[in-house]
Amino acid sequence: MASIRFLGAAGTVTGSRFLVESRGRCVLVDAGLFQGLKELRLRNWAPFPVDPASIDAVVLTHAHIDHAGALPLLVRAGFRGPAFCTPATLDLARLLLPDSARLQEEEARYANAKGYSKHAPHALPLYGEADAAAAIARLVPVPYRRRVEVAPGFTLTYSRAGHILGSASVALEVARPGGAPARLLVSGDLGRYGAPILPDPEPPPPADVLLVESTYGDRSHPAEPAADALAREVNAAVRRGGALIVPAFAVGRIQELLFLLRQLEQSHRIPTLPVFVDSPMAVDATAIHLAHRDDHDREMEALLAHGIEPLRPARLAFTRSPEQSKAVNRVQGPCVILSASGMATGGRVLHHLARRLPDERTTVLLVGYQAAGTRGWSLQNAARTLRIHGQDVAVRATVVTLTNFSAHGDRGEVARWLDGFAAAPGRVFCVHGEPPALEAHARAIRARGWNGEVARDLEAVDLGG
Ligand SMILES: [Zn+2]
């Protein structure tokens, strides 16, 4: 019998892990960490539901930590098979997995210093840099559209998901005793149509069973294009006469901002300003975005063909060393500072906020989700002071939130992707969403006359045979 079991991202948005079993073999699609509330994060510490040594192969949809960040854990627990991913995902995982390990190590050190872990002063990190390196050594790149046997009886084909560089939907043909192979499709995180840099999500291949992401299953993004919103806020920041600080994720979001800033400058919708990218990871991620031409949309390629660097506003400066980063502090007048982390929980953006939040000419632009309790969330909720590096910093800057930026398709965009099926999949399971979004999405799928259900945590579904 062939089956698929939901080991995470069922009833929640993180911890993407789906175990596919047939004829005594098993393949794990995604190996994500649980993130967010403590109750979820504790699941990262629980023993894996099956012995990792018994897993024949892992197949990753993309490099985000909630999809790939548990691979170091699996390897440490005995997984010895290949972990397949697209070529760009491999390069991004080389950045993101060691970074995740460093964050885990930092958290353990902090818990020990403050004594808040019950294991203090001997709390251990979830995993360390050596585990991340061991996980990276298991990665095997597979280009889009190439059929590859990943384990006996399991054939993988990747298609573009348009979510981040290298992101893919996973089509698995699973051999069944006494029947045609079962066709399983895992959408992975689906991106936007018409977004910069990346091609649109590809129409899906036929499927007997579909797992579809549902992050925005009950919502639509603002109709205003991100470029228009960004132009408005850059010009307002220039009128205030100070810096525009954008705390942003180093991989994906900062490159999108660079693309749009260059485009807006070129069309004279914003003045040419000094733009600083102050995040070593963002500098590396930008180079990776430029190198993977197979992941570019036509606009990106046309620009490159005309000798235009798509991710380079005219007065761009990358700062790598701490000295270069500190020099940005001395810049007077309007400028743009793109720096991580996206929720201002750490990273170099803290120095810039500490220096410039008390200045009423400063603008802080929040372009990503801000989880409750983070500094980004406090800013969004009109905090008058912000605790940074042990100091209370007065907030006199203007704080603006834009919801126009998202790497996830909204309900209309996911519906457009579903329209691409020539025939309805036999069964559709909604995953990767909060409960209201999942229920709304399943209802929308049933309204098509399809079999739409919400995936239940740890449930196994028969693939027949
Ligand atoms: Zn993602």
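Start at 1 and go down the list; that is how both ligands and their atoms are numbered.
- Note on ring orientation: taking the six-membered ring where Trp is involved, the planes of H221 and Y216 are perpendicular (angle over 60°, cut-offs 30° and 60°).
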Given R160 and D294, is the salt bridge (Lys or Arg N to Asp or Glu O under 4.0 Å) satisfied, shown in steps? CA-CA 10 Å; R160 296 171 195 288; D294 193 32; 3.5 Å; yes
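- The side chain to side chain contact (heavy atoms under 4.5 Å, CB included) check on P196 picks up E256, F259, L260, with sequence neighbours excluded.
- Other residues, nucleotides and ligands place no more than 12 heavy atoms under 6.0 Å from the OH atom of Y369.
- Around the Zn ion (ligand 1), protein N, O or S atoms at less than 2.8 Å number 4.
- Although no hydrogens or angles enter the test, the distance criterion places no donor-acceptor pair under 3.5 Å between the side chain of D189 and the main chain of H163.
- A heavy-atom distance below 4.5 Å is not found between the side chains of V58 and V27.
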